[in-house]
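All remarks here apply to the structure that follows.
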There are 2 protein chains.
Amino acid sequence: MSITLHDVARLAGVSIKTVSNVVHDSPGIRPETRARVLAAIEELGYRPNLTARGLRSGRTGAIGLVIPDLRNAYFAELAGAVMTAAHARGLYVLIEQISGYDKASELAVLRGPRMQLVDGILHSVLTLDDDDVGMLDLPTPLVLLGDRIFDGPTDHVTMPNVAGSRAATEHLLGLGCRRILALGAHPGEVAGSAALRLRGYGEALSAAGVPVHPELVIAVQDWQRFDGAAAMRAVIASGLEFDGIVAFNDPLALGALRVVLEAGLRVPEDVAIIGFDDIDETRYSLPTLSTIDPGRDEIAEIAVGWLVERIGAPRGSIAPREHETRVRLVQRESTTRS
Amino acid sequence: MSITLHDVARLAGVSIKTVSNVVHDSPGIRPETRARVLAAIEELGYRPNLTARGLRSGRTGAIGLVIPDLRNAYFAELAGAVMTAAHARGLYVLIEQISGYDKASELAVLRGPRMQLVDGILHSVLTLDDDDVGMLDLPTPLVLLGDRIFDGPTDHVTMPNVAGSRAATEHLLGLGCRRILALGAHPGEVAGSAALRLRGYGEALSAAGVPVHPELVIAVQDWQRFDGAAAMRAVIASGLEFDGIVAFNDPLALGALRVVLEAGLRVPEDVAIIGFDDIDETRYSLPTLSTIDPGRDEIAEIAVGWLVERIGAPRGSIAPREHETRVRLVQRESTTRS
DNA sequence: TTGAAAGCGCTAACAT
DNA sequence: ATGTTAGCGCTTTCAA
């Protein structure tokens, strides 16, 4: 069996209360007592039992991170950032992936048994939307990430979707592009990144007085390289003319890049391409990919901070807050015409 | 406060033992009693407190996964596979990243407070080697992943490093390549993937009667795209002749691919390139990248299974086991000459 | 400044 | 077939 407070207390010749006080640096302990206890702890190699502490205190010291898929580079990088932010506050992170692409799976994870042992949840919303905010009234403190729910019952941290894709589009317009594809639309979707990024695209064109051609808005199923490549094959086969691509995320852009090059077009001379998310890979493609940096570390830092505040505060005492990170356009070779 | 066994017992008019039995599907409960208890559970929305259960049973229901870096695609994909395997057994996964590239950081994570609340640890060894196995004598059941420690005190699951790079090299030899670069060596390293993969490369050449030229073995600092690109720039600048590249992982191969193409060489016609790990990205590069599939799902499945066995068995009762996954070469465009 | 004791919610040995 | 009860290791009043 492992060493308990009692063992330490016995060796030090004090009560367990005193040992506990020493462990917690509580004030009002005579230096010599403290030294004796510390020595006993050292000698026995005592380590507090976190489970027992959790049972007693009602806290586990863990936060849950609910994300769609760790295999997706964006979320893997986000998870890394969240872990860093959490560790800085002495918390650990329990990552859960949403198993299916539907509301039932998403709610199942949030309500599931695993999220029982966390003090709070960071949730990157996948399919839920404003109609479902009622379902988010969990007993556990919650902070939302992503772009599907804005008027939820709790804090929300997001990236500048509209401003980002607007900046991306303006960047291509500045290069002289006039027939810019918007790659990654989800037709019929109202909430969600696809809708917001499409809005930014439209705003940029309108502001520049460039007509918005519906045929330049390219729908895709998913946001993987595969989808970007497939969609671009169809575009090229159809003979549609274009001179720039604003892709709604980096994998889409990389998939499109590949097909565009295969078709014998030059990037950025014939077609300028820009992505969104600034995943690591964009630095190493050929050509390197311009993109929008979503401020992942900033998102993680704010979200964890807010969650910690909520965990420490009485339920309902904090009004929902909203934070959007700053836009930063990262220009690389795919949009740099010499 | 939350609902406890007592609340349910009171409502159902039974003792907490009976409720506990129902929750655990223990045999010997009259159907009508069970129905009554189930109804009470439903009515009150009772959820067992996992912390209390953990304190009582000495199990937490969690396993720890200690990996170098979630931002690395290989480990992110491995983590996903481990989570899937763990969930199938009703366990959750606590991921920890090793903060620094040194033995102290690595041991700190293994011994750290967070690994206290797991029943067992899956550890992808980063810097420890055979000299350090003594340090792995943890109180917690442990299964090792990776290629640095083979004669450790516990189970070890690995991929076919030697056989994989040998197969990769043989594949290029089969295409007619005779001056094949080995990209990714770590000079002086004995344990670790780099040494093993270099051995496989040498074995293939020797078996084919092709001389091993030391200048074709290219050392790199790290195994990122950046390093592959930098090393290849130096190679090309030096005027060294080569007609194939066996890269020791996929990012190295992708970095090299980029530089080779920039230099005006054709892939695979002038230079055939093959990587190692089969990360998702290899399906989408231009050209797509041939690689060695390390059997990630198989690794996760076996490792979690063995860890569960160790958790359930008395300490020291299971002799160390070893499992190496099967080699599978994935041929894609970068080595397909028509 | 330190000690004694109750109890967090659960499991399991022991009774009935 | 079901009930009683003693802890798991810790925190936390309440006393001394």
Side-chain angles (χ1 to χ4, degrees), chain A residues 1-41 44-62 90 113-114 116-119 139-140 312, chain B residues 1-41 44-62 90 113 116-119 139-140 311-312:
Chain A
M1 240 24 252
S2 64
I3 290 96
T4 75
L5 277 184
H6 288 95
D7 302 321
V8 177
R10 201 175 312 123
L11 180 63
V14 298
S15 79
I16 61 168
K17 174 66 200 317
T18 304
V19 179
S20 177
N21 281 339
V22 170
V23 169
H24 288 104
D25 270 330
S26 304
I29 292 172
R30 213 180 316 145
E32 63 182 76
T33 312
R34 138 178 263 101
R36 204 142 37 91
V37 171
L38 252 18
I41 288 176
L44 295 173
Y46 167 76
R47 313 271 257 87
N49 179 319
L50 300 185
T51 305
R53 187 178 279 177
L55 176 59
R56 184 62 241 226
S57 65
R59 294 275 177 81
T60 63
R114 293 202 194 88
Q116 253 221 279
L117 335 95
V118 299
D119 299 331
T140 317
Chain B
M1 236 26 252
S2 64
I3 289 98
T4 76
L5 277 184
H6 288 94
D7 301 320
V8 177
R10 202 174 312 123
L11 179 62
V14 297
S15 79
I16 61 165
K17 176 65 198 320
T18 304
V19 179
S20 177
N21 281 339
V22 170
V23 170
H24 288 104
D25 268 330
S26 304
I29 292 171
R30 213 179 320 146
E32 63 183 76
T33 312
R34 142 179 260 101
R36 205 145 34 93
V37 171
L38 251 19
I41 287 176
L44 295 173
Y46 167 76
R47 312 273 257 84
N49 179 319
L50 300 185
T51 305
R53 189 179 278 177
L55 176 58
R56 182 63 244 226
S57 66
R59 294 276 176 79
T60 64
Q116 252 219 280
L117 340 90
V118 299
D119 299 330
T140 316
I311 291 171

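Chain letters run A, B, ... following the sequence lines, proteins first and then strands; every chain starts at 1.
At the heavy-atom level, B/L5 lies under 4.0 Å from base atoms of the strands shown.
Here B/Q116 contributes atom CD and A/R53 contributes atom CZ; the two are 9.0 Å apart, rounded to the nearest 0.5 Å. A distance of 13.5 Å separates OG1 of B/T51 from CZ of A/R56, quoted to the nearest 0.5 Å. Atom-to-atom distance recorded for A/R36:CZ and A/L11:CG is 10.0 Å, nearest 0.5 angstrom. B/L117 contributes atom CG, which lies 4.5 Å from atom CG of A/L50 (distance to the nearest 0.5 angstrom). For the atom pair A/N21 CG and A/I16 CD1, the distance stands at 10.5 Å (nearest 0.5 Å). In this structure, the separation between CD1 on A/I41 and OH on A/Y46 is 7.0 Å, given to the nearest 0.5 Å.
Along DNA chain D, the nucleotide nearest to A/Y46 and the one nearest to B/R30 differ in position, and the one closer to the 5' end is contacted by B/R30.
Using a 4.5 Å cut-off on side-chain heavy atoms (C-beta onward), A/V8 and A/I3 make contact. At a threshold of 4.5 Å between non-hydrogen side-chain atoms, the residues A/R10 and A/V19 do not count as touching.
Of all the residues in residues 49-62 of chain B, B/L55, B/R56 reach under 4.0 Å from DNA chain D with at least one non-hydrogen atom. Remark: A/I16, A/K17 in residues 12-19 of chain A come within less than 4.0 Å of DNA chain D through at least one heavy atom.
For the side-chain hydrogen bond (donor to acceptor under 3.5 Å, both in side chains) test, residues two or more places apart in sequence or in another chain that qualify with A/T60 are A/D119.
Taking atom NE2 of residue B/H6 and atom P of nucleotide D/dT2, one finds them 18 Å apart after rounding to whole Å. Between B/H24 atom NE2 and D/dT2 atom C1' the separation is 17 Å, expressed in whole Å. The distance from atom CG of A/N21 to atom C1' of D/dC10 is 13 Å, rounded to the nearest whole Å. The interatomic distance linking B/R36 (CZ) with D/dA1 (P) rounds to 15 Å, in whole Å. Look at CZ on B/R10: it is 13 Å from C1' on C/dG9, rounded to the nearest Å.
A close approach under 4.0 Å does not occur between any side-chain nitrogen or oxygen of A/S20 and OP1 or OP2 of D/dC10.
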